[in-house]
Amino acid sequence: LVASLVAPFRCRGTYDLIFVYEPSPITVGIPALVLKWLWKTPIMFWVLDLWPESVSATGAVRSRFLLNAIGRLVRAIYRGCDRILVQSRAFEPHVTGMDVPAEKIRYFPNWAEELFDLDARGASAVARPDALPPGFRVMFAGNIGAAQDFPGILAAAERLKSDGGIHWIILGDGRMREWVEREVHRRGLAATVHLPGSYPLESMPGYFREADAMLVTLKRDPIFALTIPGKLQSYLACGRPVLGMLDGEGARVIEESGAGLACGAEQPEALARLVLALHGMDKSGREAMGRRGRDYYEANFAREHLLQRLESWMDELNRRP
């Protein structure tokens, strides 16, 4: 509401286009609609999170009345935009289901920051992290929240805790961090599950370099199956093998790229088997996985290629009569 009131005064003048970045919440589209109404400027809206499905899946909103109201808001925002960009091809049916013509939709995935290109930066350019336990390191980086299925991660770690050579490194923070810490101690996992904390983005490449496998997980829910987790692009870019416990698009990318091993969501027994399989693989095999992931990243998610595509779409929209 505040942005909608302030924007007309702060954003005076002539603009070619309004670009809206929507990781969440969907309400970021409202000020854009106000500006379009005032200045007749086209809107390009990049959807990275589906509403109301995402708030329903995480339990943030349970009221059917509120979910229906959010759905009507989403429909109005989408229909008021001139182009809808979707981070996953699986998002397209959802957007067309909101009465958006298919010709308005473009597939535009995430990319990783250039600092995750470990090969280009070289070992000397990447700061070494704080001391990590020796052994086979399975590393998770990102939000420690409900969507990431930490009960499943800890269940897999519990199955492997007798193998003291396998360590789970959890980097990040989130609303479930305290729960994870309590569970680690309750389950007797302190020797193999480690939570070093949250670090600046610039520190992440140093940690990734020390990992034997990067872990991506999501709970079982139809909305999460449609999503390519943002961390997956960073994992592929850094050239490390990827372990996945998730459904749908994320699992497809891991399998299609040949970058690692994946099982279905909420299958800790299967995840434990994948960890053992990767642990038992020789180093050259894991390095080959990492290279395949890096090649797939360059072909599908490279930043320069995506930005060139985006610029051409913006030019196309700006040339409309």
Side-chain angles (χ1 to χ4, degrees), residues 58 110 112 116 118 129-130 132-133 135-161 163 165-184 187 189-201 203-220 224 227-247 250-251 253-254 259-279 286 289-290 293:
T58 59
N110 262 314
F116 287 102
L118 301 182
D130 298 334
L132 294 174
F136 186 81
R137 299 165 179 150
V138 179
M139 187 173 292
F140 174 98
N143 182 46
I144 304 176
Q148 287 70 36
D149 188 22
F150 274 91
I153 294 174
L154 295 183
E158 195 167 16
R159 283 166 172 78
L160 301 179
K161 71 177 180 179
D163 189 332
I166 297 176
H167 292 271
W168 304 71
I169 315 297
I170 300 172
L171 302 174
D173 205 349
R175 61 176 181 162
M176 286 194 68
R177 180 186 171 89
E178 291 185 3
W179 180 89
V180 172
E181 290 175 336
R182 290 195 302 269
E183 285 295 296
V184 165
R187 301 182 190 212
L189 297 173
T192 57
V193 178
H194 314 272
L195 288 89
S198 183
Y199 296 89
L201 182 66
S203 303
M204 290 297 99
Y207 279 96
F208 286 17
R209 183 180 288 279
E210 300 299 315
D212 295 287
M214 303 301 301
L215 177 64
V216 55
T217 58
L218 283 173
K219 287 177 61 177
R220 175 173 291 126
F224 296 144
T227 302
I228 301 176
K231 62 166 62 69
L232 186 51
Q233 279 90 342
S234 299
Y235 288 0
L236 296 172
C238 77
R240 289 293 179 270
V242 180
L243 287 168
M245 183 173 66
L246 70 174
D247 295 329
V253 168
I254 295 171
L261 305 172
C263 64
E266 299 183 10
Q267 295 184 21
E269 301 91 343
L271 177 59
R273 289 196 297 270
L274 295 184
V275 172
L276 288 175
L278 203 61
H279 182 218
R286 293 197 296 267
M289 279 185 170

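Predicted model only: the values in this text are computed from it and were never measured.
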Trainee: Would you indicate whether the side-chain heavy atoms of Ile170 and Phe150 approach each other to under 4.5 Å?
Mentor: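 The answer is yes; the side chains approach within 4.5 Å.
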Trainee: For Glu183, enumerate each residue passing the side-chain hydrogen bond (donor to acceptor under 3.5 Å, both in side chains) test, keeping only those at least two apart in sequence or located in another chain.
Mentor: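 Applying side-chain hydrogen bond (donor to acceptor under 3.5 Å, both in side chains) to Glu183 gives Arg186, Arg187.
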Trainee: Between Leu232 and Val242, is any pair of side-chain heavy atoms under 4.5 Å apart?
Mentor: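 Leu232 vs Val242: side chains touch.
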Trainee: With a 4.5 Å cut-off on side-chain heavy atoms, are Leu215 and Leu271 touching?
Mentor: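 They are in side-chain contact.
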Trainee: For the atom pair CD (Glu210) and CZ (Arg137), what is the distance rounded to the nearest 0.5 Å?
Mentor: 5.5 Å
Trainee: Does the pair Arg273/Glu269 count as a salt bridge with the N-to-O cut at 4.0 Å?
Mentor: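 The answer is no: the pair does not qualify as a salt bridge.
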Trainee: Any heavy-atom pair between the side chains of Leu154 and Pro268 that's under 4.5 Å?
Mentor: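 Counting from C-beta outward, Pro268 and Leu154 never come under 4.5 Å.
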Trainee: Would you say that Asn110 contacts Ile228 through its side chain, given a criterion of any heavy-atom pair below 4.5 Å between the two side chains?
Mentor: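 No, side chains not in contact.
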Trainee: Among pairs that include at least one residue of residues 236-246, which meet salt bridge (Lys or Arg N to Asp or Glu O under 4.0 Å), considering only residues two or more places apart or in two chains?
Mentor: none
Trainee: Taking the side chain as every heavy atom from C-beta outward, state whether Val193 and Ile153 have any atom pair closer than 4.5 Å.
Mentor: no
Trainee: Tell me whether the rings of Tyr207 and Tyr199 are parallel (<30°), tilted (30 to 60°) or perpendicular (>60°).
Mentor: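 Tyr207 vs Tyr199 ring planes: tilted.
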Trainee: With side chains defined as the heavy atoms from C-beta onward, is the minimum distance between Phe140 and Lys231 less than 4.5 Å?
Mentor: yes
